[in-house]
Amino acid sequence: MSSFEFATADRIIFGAGKLNELAGQVRGRVKRLLLVRGHSSDAVRRVSEMLSEQGIQFTDFQVRGEPTVRVIREGMRIAGDFDCDTVIGLGGGSVLDAGKAIAALVTNSGDVLDYLEVVGKAQLLVNAPLRYIAIPTTAGTGSEVTRNAVIEASEYQVKVSLRSPLMLPWLALVDPELTYDMPAHLTASTGLDALTQLIEPFVSVKANPITDAICREGMRHVALSLRRAYENGADKAAREGMSLASLFGGMALANGGLGAVHGFAGPLGGMYHAPHGALCARLLPLVMETNIHALQARQPGHPALARYVEIAQILTGDRNANVFDGVGWVSYLVRTLEIPSLSAYGMQASEIPDAVKKTLKSSSYKGNPIALSEEELRSVLERAL
């Protein structure tokens, strides 16, 4: 018999134009708010106007690039000084993670490092976070429905998670219209990140029947929508499909775990300040292929092999697809969407052993369907250079 847990945001509102419902959600509930945001955009203007119209006092905090320990500390200080009761995260995955971390830590004593995995003390949150509203403007990370925030610990050259069930957002408001102006390169990297977060939980050792169903549906949306959204950002149906895929990927990873792709991406992101989505995109087909070969050689009866066949069938639309056809489909998409190699971010062959050691310590890697050898992990990075 299966035994599992499933948890997600308290409430999810999805659909084109749904940003307009924000006013009704905060009315009468919010007094003082921290708006954690990305670059200036129409969405920031619209949200600011809604808050002002409701008489809500707010201050904004712009996050540029990946959130670091220093950035989270500064956000906590501002939220505390302003006596906030609510935090809104409005932007891509980095912004949503920053907002989530600030909302969680401002109500708990101690420093950011006290609560981080791997490099910190991994203390558990004791107090409930501030009310948190996540509004994504990209389609990839699914951070609006996850229970963790990825933070760059610059002094350790690694990205690690702050994680707690208490961190699930109070509201995830997903409006595909906010992704319409995403440039092609960002559509590509975030979209392949979404695909990674559907494939890895599907073959993870932590997979369960609910995440299986979500992953299957999410992969179908990626197969139908990602290339279309990349080639034509105004394709509304494709943008909606990718927003759904991102949302489903967030639900899946939060409850089903991840694998070696994300095991690599955390350390590499900290070492080279490379975009998370682009790293996942470059590594995904290589890890898929390596996992399949390792399973065939050492555990030929492992159920993950049948799942890789199913992945191939969903992505290609061919019921007769074999276990490697999915790898071929993803590899072709990575080339077509012009995903850079790891060397484009400054990685050199001499740094691979250090990256492998950090990968083996990462929490995401623990969900991989099979334990890969250091030689297998090195080979993935060598081919990704």
Side-chain angles (χ1 to χ4, degrees), residues 8-13 18-65 67-112 114-115 123 125-137 143-151 162-175 178:
T8 190
D10 287 358
R11 185 175 183 189
I12 299 168
I13 298 176
K18 289 295 185 179
L19 180 63
N20 294 325
E21 296 192 11
L22 176 63
Q25 296 301 315
V26 298
R27 186 180 300 124
R29 293 187 173 103
V30 178
K31 293 182 179 179
R32 298 174 70 84
L33 180 146
L34 178 67
L35 175 59
V36 181
R37 64 178 183 88
H39 64 83
S40 179
S41 69
D42 183 59
V44 173
R45 177 189 60 78
R46 290 170 62 191
V47 168
S48 298
E49 289 177 354
M50 287 183 206
L51 296 174
S52 295
E53 288 169 0
Q54 297 301 315
I56 295 171
Q57 299 181 59
F58 71 95
T59 187
D60 74 7
F61 178 59
Q62 185 171 5
V63 175
R64 298 176 174 86
T68 62
V69 170
R70 184 192 63 77
V71 167
I72 303 306
R73 287 172 179 153
E74 178 64 10
M76 291 166 58
R77 183 191 64 77
I78 294 171
D81 289 349
F82 200 64
D83 195 23
C84 293
D85 57 35
T86 302
V87 176
I88 288 179
L90 176 65
S94 295
V95 173
L96 298 190
D97 277 4
K100 200 185 306 180
I102 292 166
L105 293 178
V106 75
T107 60
N108 285 272
S109 62
D111 184 61
V112 179
D114 293 334
Y115 298 92
Q123 289 180 191
L125 296 181
V126 176
N127 301 316
L130 297 180
R131 183 188 295 112
Y132 182 57
I133 300 171
I135 309 174
T137 59
S143 182
E144 65 271 17
V145 287
T146 64
R147 62 182 83 188
N148 72 299
V150 179
I151 309 298
L162 164 67
R163 193 185 311 270
S164 171
L166 298 176
M167 291 173 62
L168 288 163
W170 174 72
L171 171 65
L173 202 163
V174 186
D175 186 340
L178 303 184

Tell me whether Arg64 at atom CZ has more than 12 heavy atoms from other residues, nucleotides or ligands lying less than 6.0 Å away.
no

Is it the case that over 12 heavy atoms from other parts of the model lie below 6.0 angstrom from the CZ atom of Arg32?
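Buried by this count: over 12 neighbours within 6.0 Å.
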
Using side-chain heavy atoms (C-beta onward) and a distance below 4.5 Å, is [X] in contact with [Y]?
X: Leu22; Y: Arg46; result: no
X: Phe58; Y: Ser48; result: yes
X: Ile72; Y: Ile102; result: yes
X: Val87; Y: Val36; result: yes
X: Leu162; Y: Asn148; result: no
X: Ser164; Y: Arg147; result: no
X: Pro169; Y: Val145; result: no
X: Gln54; Y: Val30; result: no

Return the [atom1] to [atom2] distance between [X] and [Y], rounded to the nearest 0.5 Å.
X: Leu173; Y: Lys18; atom1: CG; atom2: NZ; result: 9.0 Å
X: Asp114; Y: Ser109; atom1: CG; atom2: OG; result: 8.0 Å
X: Asp60; Y: Ile88; atom1: CG; atom2: CD1; result: 11.5 Å
X: Ile13; Y: Glu144; atom1: CD1; atom2: CD; result: 13.0 Å

Salt-bridge present (Arg29, Asp85; N to O < 4.0 Å):
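Asp85 and Arg29: not salt-bridged.
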
Non-hydrogen atoms of [X] and [Y] that approach each other most closely:
X: Val106; Y: Gly80; answer: CG2-N, 3.9 Å
X: Ala9; Y: Leu168; answer: N-CD2, 4.2 Å
X: Leu33; Y: Leu51; answer: CD2-CD1, 3.8 Å
X: Pro136; Y: Ala134; answer: CD-O, 3.7 Å
X: Gln57; Y: Phe82; answer: O-CE2, 3.8 Å
X: Ile56; Y: Lys31; answer: CG2-O, 3.7 Å

State whether the side chain of [X] and the backbone N or O of [Y] hold a donor-acceptor pair below 3.5 Å, judged by distance alone.
X: Lys100; Y: Val95; value: no
X: Ser52; Y: Glu49; value: no
X: Asp175; Y: Leu19; value: yes
X: Tyr132; Y: Ala104; value: no
X: Asp97; Y: Val150; value: yes
X: Asn108; Y: Val126; value: yes
X: Thr107; Y: Ala128; value: yes

Can you list the steps and then say if Leu90 with Thr137 is a side-chain contact (heavy atoms from CB on, under 4.5 Å)?
CA-CA 7 Å; Leu90 176 65; Thr137 59; 4.0 Å; yes

Any side-chain donor-acceptor pair under 3.5 Å between Gln25 and Arg27?
no

Please lay out, stage by stage, how Leu34 and Cys84 fare under the test side-chain contact (heavy atoms from CB on, under 4.5 Å).
CA-CA 6 Å; Leu34 178 67; Cys84 293; 3.7 Å; yes

Evaluate the salt bridge (Lys or Arg N to Asp or Glu O under 4.0 Å) criterion for residues Asp111 and Arg73: first the C-alpha distance (whole Å), next the side-chain angles of each, then the deciding distance (0.1 Å), finally the verdict.
CA-CA 8 Å; Asp111 184 61; Arg73 287 172 179 153; 2.8 Å; yes

Could you go step by step and tell me if Val71 and Phe61 meet the side-chain contact (heavy atoms from CB on, under 4.5 Å) rule?
CA-CA 10 Å; Val71 167; Phe61 178 59; 4.0 Å; yes

Audit row: Tyr115, Leu125, side-chain contact (heavy atoms from CB on, under 4.5 Å) steps and yes/no
CA-CA 8 Å; Tyr115 298 92; Leu125 296 181; 3.7 Å; yes

